[in-house]
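Just so we're clear, the structure is a prediction, and the values are computed from it rather than from any experiment.
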Amino acid sequence: MGERLNLTRKLIADHLVSGTMEPGEEIGIRIDDTLTQDATGTLAYLMFEAMGLPRVRTNISVSYVDHQLLQVDTRNADDHVYLQDVAAKYGIHYSKPGNGICHQVHLERFSRPGDTLLGSDSHTPTCGGVGMLALGAGGQDVACAMAGLPFYLRMPKVLAIELRGKLQPWVASKDIILEVLRRLTVKGGVGRVFEYIGPGAGSLEVTDRATVANMGAEGGATTSIFASDEKVRRYFRGQGREEMYRLVQPDPDAEYDERMVIDLDRLEPLIAKPHSPDNVVPVRELAGLAVDQVAVGSCTNSSFQDLMTIADLVRGRTVHPRVNLVCSPGSRQVYEMIAANGALTDLIAAGARILESSCGPCPGLGAVPQTGAVSVRSFNRNFEGRCGAPGVNVYLSSPVVAAAAAITGEVVDPRALDRQPVRIRLPRAYKVDDRMILPPSESPDDVEIRRGPNIQPIPRRGPLDATLCGRVLTRVGDNVSTDGILPAHAHILALRSNVPAISEHVFALVDPEFVPRAKEHGGGFVVAGNNYGQGSSREHAALAPSYLGVKAIIAKSFARIHRANLANWGVLPLEFIDPSEYDLLDRDDELEIVDARAMLAAGVTEIPVRNATNGRTLLTRVDLSERQRGLLLVGGLLNAASGLDAVASHDRGATSGAGSAVVGAPAEPVGAR
Ligand code: MIC
Ligand code: SF4
């Protein structure tokens with residue numbers, strides 16, 4: 001009898017171009033589609049330009065502008081017109097500012113069951129809600145995928161999350177993923193795909209599934225996926241693209257590496273307390289907590305269903321005097337539909353502040369509440385300071401719980417509200433209007449790319465030194481997120497295309513003296529606890545420290561995307577073999593890794609780090625593939641770029657990868673034209 005394949009393994013097998021499907025082994029997969037957003041897009045496209053190809057080699061690539069829409073000065077718009085021109089020239093669709101949040105729009109207009117999607121944003125798994133194998137990655141990896149190169153990742157284990165029963169009134173799909181995070185924590189998904197199965201999974205609507213798939217990112221999962229079914233078909237029909245529907249399912253009695261059961265009948269409204277998405281408790285435990293701000297939107301909960309739910313709850317009422325309620329519809333489609341059916345009027349009448357279709361307050365782009373505020377958000381991340389400033393207490397909940405707080409001014413278990421549960425009738429047909437998605441130019445040779453002054457060349461790093469030495473520049477704890485390493489925030493996000501400028505903000509929230517220290521000592525080492533680099537895919541969290549001369553990060557463990565980004569940008573990720581040795585390293589200790597280069601080239605997996613300050617030596621693990629070692633030796637993926645066009649000109653799906661194209665360090669910074 002053959003193997004009974006789960007859906008994840010089926011889709012990986014369909015796209016496999018290198019490696020064996022053994023959990024932990026590096027595999028290469030063919031990528032059908034890509035997406036980028038404005039904050040990560042400029043680096044990705046500068047890299048793509050450096051590869052010298054005339055056009056992308058994907059089925060569909062889409063460039064979204066959805067993050068930094070405040071446009072407080074010319075810098076953001078400089079980025080946006082660059083992105084628009086690059087898209088026109090290289091065969092990429094361009095979703096204009098205002099058209100919506102990349103993940104919501106991609107779900108509506110481009111997702112395809114059974115295909116692979118690579119996005120330069122950690123919430124790309126949202127499209128797993130329709131049966132797509134959708135993965136987040138750094139911009140350089142997405143650039144390679146656009147060039148037709150495989151995407152490399154560790155073969156994940158597949159965790160079946162069996163949903164039994166049915167969600168009860170007032171309990172939402174958001175509560176499912178909060179329950180997953182409560183059980184597994186923010187690092188429980190590392191090296192795993194969450195595959196949702198069982199009758200409870202089938203009972204969820206598509207946008208509910210998308211919410212669950214989206215927020216698997218907070219568990220560190222490689223991705224999350226649901227099978228497609230009649231509900232997905234209906235959704236595609238409603239979006240006017242039923243021909244893109246395909247049935248993708250696991251084999252009957254499929255085998256999984258691990259299993260977990262959630263009984264939806266017994267699930268109750270949940271909420272994540274500050275400052276971690278896994279700090280989850282029942283809402284009833286916080287009942288009565290005074291709330292200052294409520295924010296509804298983000299790629300997790302900004303669908304038509306979500307906005308209608310809030311409108312239904314606030315209709316005919318007034319937002320509590322203490323509360324600021326801000327709402328961001330996830331896409332122009334959602335916006336237009338709630339405008340047409342009157343729900344937008346209900347929200348405005350109740351006192352909601354309506355923002356544009358964008359990420360907005362989620363990573364601190366406006367609507368930052370007052371010091372010490374309690375903010376209840378339908379979003380996905382509440383790392384300290386992410387919302388724009390430290391000292392704000394962000395709670396994460398379903399839209400229902402958020403709306404109830406907006407009306408009452410406090411956290412309230414919605415089951416205690418004196419009213420009938422909300423019931424939203426889903427539309428048969430969604431409002432389809434793709435005019436804000438510009439197709440690529442038909443005469444690409446005529447497209448001149450505008451490079452405003454904010455588009456600065458990407459600095460390159462030299463090849464790895466023979467011996468690495470320097471001091472411990474900082475020692476940080478567990479679960480430091482990329483927001484901790486390099487916040488998004490409005491004034492910092494404006495600098496994404498200017499590496500020297502953005503580097504001034506490294507560790508701004510965690511260790512404000514880091515940058516002057518790094519400069520004074522000409523770089524050095526960072527010591528960290530578990531799950532270092534969790535959260536976003538932003539490669540600036542690797543690139544900016546690299547620019548400041550950080551040579552290696554020695555951590556107890558790393559988050560998936562960040563580990564890959566470090567290798568791509570030439571920073572050596574090392575893990576303590578004995579995690580208790582973390583305590584043997586202090587800030588300012590002088591470290592030395594003798595013959596680092598030779599050891600890496602020889603495939604050595606255990607690397608001694610000598611602490612010259614206390615005379616002790618500790619052992620670290622290098623958990624990198626041969627390809628990644630190659631990248632580190634030449635100083636990162638960008639330095640291999642001059643060989644990439646040669647590799648990319650192989651047929652799509654060729655097994656050769658960036659590692660085989662490592663050719664030394666060209667001198668020109670990328671983007672210098
Ligand atoms: C985020 O949610 O942190 C972001 C901003 O969307 C990031 C991407 C980025 O930093 O540009 C992500 O999730 O990958
Ligand atoms: Fe945008 Fe927030 Fe989603 Fe990131 S998590 S893509 S910032 S809405």
Side-chain angles (χ1 to χ4, degrees), residues 11-19 26-36 40-64 83 86-94 106 110-112 114-121 124 127 132-153 223 439-441 444-445 447 449 537 539 564-565 567-568 625 627-628 630-631 636-663 666 670:
L11 298 189
I12 291 177
D14 276 357
H15 291 86
L16 192 71
V17 292
S18 68
E26 185 172 90
I27 54 169
I29 58 170
R30 197 182 68 245
I31 294 299
D32 299 314
D33 300 341
T34 61
L35 72 77
T36 57
T40 54
T42 48
L43 283 193
Y45 294 113
L46 285 168
M47 170 89 177
F48 181 78
E49 284 190 279
M51 293 182 197
L53 296 178
R55 226 176 153 74
V56 292
R57 299 180 167 196
T58 44
N59 292 340
I60 284 277
S61 286
V62 189
S63 172
Y64 293 91
L83 293 171
V86 165
K89 195 169 186 70
Y90 292 108
I92 298 153
H93 287 71
Y94 177 73
H106 212 83
F110 294 104
S111 58
R112 275 174 190 254
D115 280 6
T116 50
L117 168 69
L118 193 72
S120 62
D121 192 282
T124 303
C127 286
M132 206 170 188
L133 190 74
L135 303 141
Q140 292 202 80
D141 283 332
V142 175
C144 289
M146 288 191 287
L149 293 164
F151 173 60
Y152 296 97
L153 73 162
T223 188
S441 169
D445 291 345
V447 178
I449 297 178
S537 68
E539 53 194 332
N565 283 340
N568 284 350
S625 66
R627 180 189 61 86
Q628 289 173 310
L631 294 179
L637 189 48
L638 195 53
N639 285 347
S642 55
L644 284 175
D645 47 349
V647 177
S649 63
H650 285 255
D651 286 341
R652 286 193 66 212
T655 52
S656 50
S660 59
V662 169
V663 287
V670 164

>> If I compare all heavy atoms of Leu83 with all of Gly41, which pair ends up nearest, and what's the gap?
In response: CD2-C, 3.8 Å

> Between Leu35 and Cys127, is any pair of side-chain heavy atoms under 4.5 Å apart?
Replying inline: no

>> Could you measure the distance from the CZ atom of Arg30 to the CG atom of Leu118? Nearest 0.5 Å is fine.
In response: 13.5 Å

> OG1 of Thr34 to CG of Leu117: how many Å apart, nearest 0.5 Å?
Replying inline: 7.5 Å

>> As an exercise, state the distance from CD1 of Ile92 to CZ of Arg55, rounded to the nearest 0.5 Å.
In response: 9.0 Å

> SG of Cys144 to OH of Tyr152: how many Å apart, nearest 0.5 Å?
Replying inline: 9.0 Å

>> Looking at every heavy atom in both Phe151 and Ala137, which two are closest together, and how far apart are they?
In response: CE1-CB, 3.8 Å

>> Going by ring-ring contact (aromatic ring centres under 6.0 Å, His included), name the residues that satisfy it together with His93, two or more places apart in sequence or in a different chain.
In response: Phe110

> Under the side-chain hydrogen bond (donor to acceptor under 3.5 Å, both in side chains) test, which residues partner Asn568, sequence neighbours left out?
Replying inline: Asp141

> CD1 of Ile31 to CG of Asn59: how many Å apart, nearest 0.5 Å?
Replying inline: 11.0 Å

> Does Tyr64 have any ring-ring contact (aromatic ring centres under 6.0 Å, His included) partners at least two apart in sequence or in another chain, and if so, which?
Replying inline: His106

> Quick one: does Ile60's side chain get under 4.5 Å of Arg112's, heavy atoms only?
Replying inline: no

>> Please report the interatomic distance CD1(Ile27) to NE2(His15), rounded to the nearest 0.5 Å.
In response: 11.5 Å

>> I'd like to check the side-chain hydrogen bond (donor to acceptor under 3.5 Å, both in side chains) partners of Asn565; sequence neighbours left out, ordered by chain and number.
In response: none

> Do Ile12 and Ile29 have side chains that get closer than 4.5 Å, going by heavy atoms?
Replying inline: yes

> Which residues pass the side chain to side chain contact (heavy atoms under 4.5 Å, CB included) test with Ala88, sequence neighbours left out?
Replying inline: Ser441, Val447

> Got a sec, which residues hit side chain to side chain contact (heavy atoms under 4.5 Å, CB included) with Ser120, two or more places apart in sequence or on another chain?
Replying inline: Thr36, Thr40, Val142

>> Apply side chain to side chain donor-acceptor pair (under 3.5 Å) to residues Asp32 and Thr116 and explain how you reach the verdict.
In response: CA-CA 5 Å; Asp32 299 314; Thr116 50; 3.2 Å; yes

> Between Glu539 and Gly138, is there a donor-acceptor pair closer than 3.5 Å when you use the side chain of the first and the backbone of the second?
Replying inline: no

> So, for Met47 and Ala143, which heavy atoms are closest and what is the spacing to 0.1 Å?
Replying inline: CG-CB, 3.4 Å

> What pair of heavy atoms forms the shortest contact from Ala145 to Thr58, and how long is it?
Replying inline: O-CG2, 3.6 Å

> Where do Glu49 and Tyr90 land on the side chain to side chain contact (heavy atoms under 4.5 Å, CB included) test, with the steps shown first?
Replying inline: CA-CA 9 Å; Glu49 284 190 279; Tyr90 292 108; 3.9 Å; yes

>> Within the 4.5 Å heavy-atom criterion, are Met51 and Met146 side-chain neighbours or not?
In response: no

>> Quick one, Tyr45 and Ser63 - any side-chain contact, counting heavy atoms below 4.5 Å?
In response: yes

> Looking at side-chain heavy atoms only, is the closest gap between Thr124 and Leu135 below 4.5 Å?
Replying inline: no

> Tell me, do Leu43 and Gln140 make a side-chain contact under 4.5 Å, heavy atoms counted?
Replying inline: no

>> Tell me if a side-chain donor or acceptor on Thr223 pairs with a main-chain N or O of Ala134 at a distance below 3.5 Å.
In response: yes

> What heavy-atom pair brings Ser625 and Glu26 nearest, and what distance separates the two atoms?
Replying inline: OG-OE2, 2.8 Å

>> Show the nearest heavy-atom pair for residues Tyr94 and Ala87, with the distance to one decimal.
In response: CB-CB, 3.9 Å

